[in-house]
Amino acid sequence: MDLEARKYEFIQKLFNVNETLFEKLETIINKEAKEPKRISLEQYNKEIDEAIEDVENGNFYTQDEARKIASQW
C-alpha cells in the first residue's frame with residue numbers, strides 16, 4: 001500500500017477514535033511539526049517527569065487495554 005493510501009486509511013480511522021485518543025494523536029502530530037528532531041537534556045527530563053506524573057495520576061493504558069484498542073484499528 002502506498003503512502004497516499006495509508007494516509008487515507010488513517011484519516012478514515014480517526015473518525016472512530018474517542019476524544020482522549022484523538023487529543024493524544026493531535027499532540028504527537030503537533031509536536032512533530034514544531035519541535036526539532038533533537039531535544040535538549042532539560043526537555044528530555046521534563047518529558048520524563050511529565051510521563052511519571054501521568055502514570056502516578058492513572059493516565060495510562062494497561063497492556064491489555066492497549067491491545068484491545070489496537071485490535072479495533
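- By the rule that hydrophobic residues join a cluster once side-chain heavy atoms approach within less than 4.5 Å of another member, Met1 and Phe10 end up as members of separate clusters.
- Placement of Ile11 and Trp73 in two distinct hydrophobic clusters is found when ILVMFWY residues are connected by side-chain heavy-atom separations under 4.5 Å, directly or transitively.
- Once rounded to the nearest 0.5 Å, the distance linking CG of Leu41 with CG of Asn45 reads 4.5 Å.
- Rounding to the nearest 0.5 Å gives a distance of 7.5 Å between CD of Glu53 and CD of Glu56.
- Atom CG in Leu14 sits 11.5 Å away from atom CD in Glu9 (nearest 0.5 Å).
- No donor-acceptor pair under 3.5 Å is formed between the side chain of Asn57 and the backbone N or O of Asn59.
- The environment of Tyr61 atom OH is dense: over 12 non-hydrogen atoms of other residues, nucleotides or ligands sit within 6.0 angstrom.
- Within a 6.0 Å sphere centred on CD of Gln72, heavy atoms belonging to other residues, nucleotides or ligands number more than 12.
- At a threshold of 4.5 Å between non-hydrogen side-chain atoms, the residues Asp49 and Lys46 do not count as touching.
- Environment of CD in Glu65: crowded, with over 12 heavy atoms of neighbouring residues, nucleotides or ligands closer than 6.0 Å.
- Note that the CZ atom of Phe15 and the CZ atom of Phe22 stand 9.5 Å from one another [nearest 0.5 Å].
- Phe60 and Val55 make their closest contact through CE2-O, 3.6 Å (heavy atoms, listed as atom of the first residue, atom of the second, distance).
- How far CG of Leu25 is from NZ of Lys13: 11.5 Å, rounded to the nearest 0.5 Å.
- For the atom pair Lys68 NZ and Asp64 CG, the distance stands at 10.0 Å (nearest 0.5 Å).
- The nearest pair of heavy atoms linking Leu21 to Asn18 is N-OD1, 2.8 Å.
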